[in-house]
**Q** 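Take this structure first; my questions come after.
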Amino acid sequence: IIIGFLDELRIILESDELNGNEYKLGLALYDLFENYNTIFVGTDNNKFNKNIILLSLRDMTNLSTKEIRISMKKFKKLYYTIVETMIK
């Protein structure tokens, strides 16, 4: 799922369909997912603490929580589309 998400995310980032905040968030998400093994070292299970992820995204993008939440909608749709196609 992560590899598929990264592939699709790369395509979206190369297009001109994103506004400035969405582009910043897309780059931060790409970095997080590409390096999740090294970024989240020390977690004893596969669940990530959403507060740590949000803090990381705020630090990487200099966006507020509200701006991240609004910009995240496009990437959530992408994720659900990828998961849905993998289930079929």
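All values derive from a computational prediction rather than experimental measurement.
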**Q** Under 3.5 Å, which donor-acceptor pairs do the side chains of residues 18-25 form with other protein atoms, sequence neighbours left out?
**A**
unit_1	atom_1	unit_2	atom_2	d
N19	OD1	N21	N	3.1
N19	OD1	E22	N	2.9
E22	OE1	N19	N	3.1

**Q** Please report the interatomic distance CZ(R69) to NZ(K66), rounded to the nearest 0.5 Å.
**A** 7.0 Å
**Q** Considering all heavy atoms of both residues, which atom of A28 and which atom of T61 are nearest to each other, and what is their separation?
**A** CB-CG2, 3.6 Å
**Q** Can you tell me which residue pairs pass the side chain to side chain donor-acceptor pair (under 3.5 Å) test with a partner in residues 71-81, sequence neighbours excluded?
**A** none
**Q** Mind checking whether L57 and L6 sit in one hydrophobic cluster, side chains of I, L, V, M, F, W, Y counted as touching below 4.5 Å?
**A** yes
**Q** Can a side-chain donor-acceptor contact be found between R58 and T65 if the only test is distance below 3.5 angstrom?
**A** yes
**Q** Output the distance between atom CD1 (I52) and atom CG (L54), rounded to the nearest 0.5 Å.
**A** 11.0 Å
**Q** Please walk me through it: do R10 and D7 pass side-chain contact (heavy atoms from CB on, under 4.5 Å)?
**A** CA-CA 5 Å; R10 186 179 310 113; D7 290 341; 3.4 Å; yes
**Q** Report whether L78 and I70 are members of the same hydrophobic cluster (ILVMFWY, side-chain heavy atoms less than 4.5 Å apart, transitive linking).
**A** no
**Q** For the atom pair CD1 (I12) and OH (Y30), what is the distance rounded to the nearest 0.5 Å?
**A** 12.5 Å
**Q** I need the L27 CG to L32 CG distance, nearest 0.5 Å.
**A** 11.0 Å
**Q** To the nearest 0.5 Å, what is the distance between CD1 on I3 and CD on E8?
**A** 13.0 Å
**Q** Which value, rounded to the nearest 0.5 Å, describes the distance between I68 atom CD1 and I53 atom CD1?
**A** 11.5 Å
**Q** Taking only residues two or more places apart in sequence or in another chain, which ones pass ring-ring contact (aromatic ring centres under 6.0 Å, His included) with F5?
**A** F33
**Q** Output, in order, the C-alpha distance, side-chain angles, deciding distance and verdict of side-chain contact (heavy atoms from CB on, under 4.5 Å) for D59 and L55.
**A** CA-CA 6 Å; D59 287 344; L55 179 64; 4.0 Å; yes
